[in-house]
Amino acid sequence: MTTEADRRKLQTFLARSLADLESELELYDAASRGPADVWNKIAGPLRQRICVEWDYCAVRQDARWADDLDLAIIILGKLTEKALNLPIPVDLMTVTAILVKRGLDKFCGCA
């Protein structure tokens, strides 16, 4: 369940630039060769959870997801509802904000 404090924190993450959020990814993997390297390591499990298990492309037309904050809250919930096997521990709010800012249609390859 997302608390009001979580909503405010997530709104703060969404207000940050995509470049700033992506650069933060490097902090989670000292052996990485930059944010893109970290993203490539975690993108597979994220795609499995959001695009395949949740089937984002089928549910994306829901009017509830028109607002970025509402979409981010549901994405965060999907990432935390059961074990997510990411190869490195990362902050899920950072990852959620990156997914929303990059665009889930593109990330999931929706037609």
Engineer: Not counting sequence neighbours, which residues clear side chain to side chain donor-acceptor pair (under 3.5 Å) with Thr94? List them please.
Structural biologist: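 Partners of Thr94 under the side chain to side chain donor-acceptor pair (under 3.5 Å) test: Glu24, Asp91.
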Engineer: Are the side chains of Met93 and Asp6 in contact, using a 4.5 Å heavy-atom criterion?
Structural biologist: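 Result yes, sub-4.5 Å side-chain heavy-atom pair found.
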Engineer: What's the shortest heavy-atom distance between Ser32 and Asp37, and which atoms?
Structural biologist: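 Scanning both residues, the minimum pair turns out to be CA-OD2, 3.3 Å.
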Engineer: My understanding is that only residues two or more places apart in sequence, or in another chain, count here; which of them pass salt bridge (Lys or Arg N to Asp or Glu O under 4.0 Å) with Glu26?
Structural biologist: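 Partners of Glu26 under the salt bridge (Lys or Arg N to Asp or Glu O under 4.0 Å) test: none.
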Engineer: Would you check, one step at a time, whether the test side chain to side chain contact (heavy atoms under 4.5 Å, CB included) holds for Glu53 with Lys78?
Structural biologist: CA-CA 9 Å; Glu53 293 173 21; Lys78 294 298 175 188; over 6 Å; no
Engineer: State yes or no: do Leu71 and Leu18 share one hydrophobic cluster built from I, L, V, M, F, W and Y residues joined by side-chain heavy-atom distances below 4.5 Å, directly or via other members?
Structural biologist: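 As far as the 4.5 Å side-chain criterion goes, Leu18 and Leu71 are connected within one cluster.
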Engineer: Can you run down the salt bridge (charged side-chain N to carboxylate O under 4.0 Å, His left out) pairs that involve residues 66-76, sequence neighbours left out, and say none if there aren't any?
Structural biologist: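 Applying salt bridge (charged side-chain N to carboxylate O under 4.0 Å, His left out) to every pair that reaches into residues 66-76, excluding sequence neighbours, yields Arg7-Asp70.
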Engineer: Asp20: which residues meet the salt bridge (Lys or Arg N to Asp or Glu O under 4.0 Å) condition with it, sequence neighbours left out?
Structural biologist: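 Asp20 satisfies salt bridge (Lys or Arg N to Asp or Glu O under 4.0 Å) with Arg16 only.
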Engineer: Write out all pairs satisfying disulfide (SG to SG under 2.5 Å) with one or both partners inside residues 28-86, taking only residues at least two apart or from two chains.
Structural biologist: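 Sorted result for residues 28-86: Cys51-Cys108, Cys57-Cys110.
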Engineer: Quick check: do Val100 and Leu69 have side-chain heavy atoms less than 4.5 Å from each other?
Structural biologist: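 No, side chains not in contact.
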Engineer: Starting from Val59, can I reach Leu99 by hopping between I/L/V/M/F/W/Y residues whose side chains sit under 4.5 Å apart?
Structural biologist: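 Same cluster: Leu99 reaches Val59 through Ile, Leu, Val, Met, Phe, Trp or Tyr contacts under 4.5 Å.
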Engineer: So, does Arg49 use its side chain to make a donor-acceptor pair with the main chain of Trp54 at under 3.5 Å?
Structural biologist: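 Checked: no pair found.
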Engineer: Looking at side-chain heavy atoms only, is the closest gap between Leu92 and Leu86 below 4.5 Å?
Structural biologist: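 Side-chain contact under 4.5 Å: yes.
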Engineer: For Ile50, run the side-chain contact (heavy atoms from CB on, under 4.5 Å) check against Ile74, Leu104, Thr96 and tell me which one passes.
Structural biologist: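 The option that passes is Leu104.
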Engineer: So which atom in Ala97 and which in Leu21 form the shortest heavy-atom distance, rounded to 0.1 Å?
Structural biologist: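 What the structure gives for the nearest pair is CB-CD1, 3.7 Å.
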Engineer: Scan the side chains in residues 38-47 for donor-acceptor partners under 3.5 Å anywhere in the protein, sequence neighbours excluded, and list what turns up.
Structural biologist:
from  : atom 1 : to     : atom 2 : distance (Å)
Asn40 : ND2    : Ala36  : O      : 3.2
Lys41 : NZ     : Asp29  : OD2    : 2.4
Arg47 : NE     : Phe107 : O      : 3.1

